[in-house]
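Worksheet: the structure to be examined is printed underneath.
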Number of protein chains: 2
Amino acid sequence: MGARGRPRGFDRAAALEKAMEVFWARGYAGASMAELTEAMGINPPSLYAAFGSKEELFKEAVGLYAATDDGCTLTMLEGDLSTRDSIAAMLMASARSCMRPDKPSGCFLMLGATNGGPETDAAQAYLCDRRRDMGARIRARLARGIADGELPPGLDLDRVTAYFATVIKGMSIEARDGADMETLAGVARSAMLGWDAITSTQA
Amino acid sequence: MGARGRPRGFDRAAALEKAMEVFWARGYAGASMAELTEAMGINPPSLYAAFGSKEELFKEAVGLYAATDDGCTLTMLEGDLSTRDSIAAMLMASARSCMRPDKPSGCFLMLGATNGGPETDAAQAYLCDRRRDMGARIRARLARGIADGELPPGLDLDRVTAYFATVIKGMSIEARDGADMETLAGVARSAMLGWDAITSTQA
DNA sequence: CCCGTTTTGTAGGGATCGCTACGGAAATAA
DNA sequence: TTATTTCCGTAGCGATCCCTACAAAACGGG
């Protein structure tokens, strides 16, 4: 009785964090249950009792990542900075997020499930949705820039959104290929150098 | 006697092309031997006799891809165009390469082996080397631009190279997320809008 | 026609995959 | 202490992984 809400014998949050790091480094398909249980310090039955399945564990890990390691990236869009400074800050935050010490290089949302067999489709779709959501937030910030008079009405929001989303996505692969923080920061700065032309209706 | 150089009973080149498409769509780890042999129209023993192992088949498939579907991307750097036009043409070629009809979206070199367990390390490293080679070619083209007087001496070649490499890499994820050709073309154009500032020593 | 060589197809080996049934330990209450 | 409940660790499920041993079929020369 009352066993449902009873606290488990192990630290669920800590175990989830460990699982996140394994998924982050290996990807959904590449992370085996053996490696996950080993890193989490629990046995398979405990994992399934607490998280249901590998897929649900993955989704929870993605949620944790978005709320912690990748949290600052999108929050940069919600402050009082100008539109331009917001985007620049987002790019820099993304670069930093790709290069956390003692963590896998690159963004989990970008690299966590890029390919695989049919059993990975759900994980891929889930990450794809997350990335689409990221794009929607960038677009919303740009739209606010138009409303605030910082950007011209009639600006092609889809194009500008796709450009900055592409830069962020590319940084993750660049990071996993071994780029250092200075390199990624240079990419972020370079991507902003065409701001005036990019956010023009002439483009 | 003379069996070594004897032509095999099936079309090796056609089978390799089919294998390339499976690897391209599924990634190294996600492509099972069952799916590969099915697509290639041969049985496992024939595959191993002709290609040696899954890993060697993958490397041959990557080589074929680089020589065909992705061939035009880097050849854009070797023509008579100005440095600026060469880079712009490369970006557009890359966008087109990510959106070939009846082929998987995104570049095989970017998405073919992003993550996985230890058994995928060799494939990952192989693709990473290919990407590094791509960066080296971009850098060489920029260096030629300096030699030709089109770009300023003292330009930070590493930064500019990393920027354009990042855009190309990002386009592949963008493509796999469902972007259309118009979107990728807009990204390519946007990425060039800051050219003068990006290729300045002041940046 | 028969034989020797090559290629193909079947069937399966050894390992690992995600996942779960079950028996014993620990904890709680009387 | 005993009875009962809750949890955990071992062991193993069926399926699939990459790869290969073996035998039947196809080919070419006498």
Side-chain angles (χ1 to χ4, degrees), chain A residues 1-12 14-16 18-20 22-23 25-61 112-113 115-124 126, chain B residues 1-16 18-19 22-23 25-61 112-113 115-124 126:
Chain A
M1 281 297 100
R4 222 39 99 98
R6 209 157 172 292
R8 309 207 84 80
F10 60 90
D11 188 338
R12 191 181 190 278
L16 180 57
K18 292 294 184 185
M20 179 191 75
V22 173
F23 277 129
R26 299 286 193 195
Y28 176 72
S32 70
M33 295 305 298
E35 196 173 3
L36 285 167
T37 53
E38 160 97 31
M40 298 166 81
I42 62 177
N43 294 313
S46 300
L47 190 156
Y48 282 89
F51 298 99
S53 69
K54 185 184 183 184
E55 190 176 313
E56 293 180 52
L57 174 63
F58 179 76
K59 290 183 180 177
E60 280 206 52
N115 48 33
E119 75 280 2
T120 72
D121 285 347
Q124 285 182 249
Y126 189 71
Chain B
M1 278 297 100
R4 224 36 101 99
R6 206 159 174 291
R8 308 208 84 79
F10 59 90
D11 187 338
R12 190 180 191 277
L16 178 58
K18 292 293 184 184
V22 174
F23 277 129
R26 299 286 194 196
Y28 175 72
S32 69
M33 295 305 298
E35 197 172 3
L36 286 166
T37 53
E38 159 97 32
M40 298 167 81
I42 61 177
N43 294 314
S46 300
L47 190 156
Y48 282 90
F51 298 99
S53 69
K54 185 184 182 183
E55 190 176 314
E56 292 178 52
L57 174 63
F58 179 76
K59 290 183 180 178
E60 281 207 51
N115 49 33
E119 74 280 2
T120 71
D121 285 348
Q124 285 183 249
Y126 188 72

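Proteins get letters first, then strands, A, B, ... in listed order; numbering begins at 1 in each.
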Exercise. Tell me: CD of Glu119(B) to C1' of dA15(C), nearest whole Å?
Worked result: 12 Å
Exercise. Quick one: Asn43(B) CG to dA25(D) P, roughly how many Å, whole number?
Worked result: 15 Å
Exercise. How would you list, by chain and number, every residue that makes a side-chain contact (heavy atoms from CB on, under 4.5 Å) with Asn43(A), sequence neighbours excluded?
Worked result: Pro45(A)
Exercise. Are Arg12(A) and Glu60(A) close enough that some pair of their side-chain heavy atoms sits under 4.5 Å apart?
Worked result: yes
For this session: Grab the CZ-P distance between Phe51(A) and dT20(C) for me, whole Å please.
Result: 16 Å
Exercise. Nearest heavy-atom pair of Ala113(A) and Asn115(B): which atoms, and what distance?
Worked result: N-ND2, 4.0 Å
Problem set entry | Under 3.5 Å donor-acceptor, Ser32(A) side chain and Glu35(A) backbone | yes
Exercise. For the residue pair Tyr28(A) and Phe58(A), does the interplanar ring angle fall in the parallel (under 30°), tilted (30 to 60°) or perpendicular (over 60°) class?
Worked result: perpendicular
Exercise. Expressed in angstrom and rounded to an integer, what is the separation of Met40(A) atom CE from dC8(D) atom C1'?
Worked result: 15 Å
Exercise. If the sugar-phosphate is the primed atoms plus P, OP1 and OP2 and the base is the rest, what is the B/S/- string for nucleotides 15-22 of chain D, using protein heavy atoms under 4.0 Å?
Worked result: --SSBBB-
Exercise. With Glu56(A), which residues qualify under side-chain contact (heavy atoms from CB on, under 4.5 Å), at least two apart?
Worked result: Ser53(A)
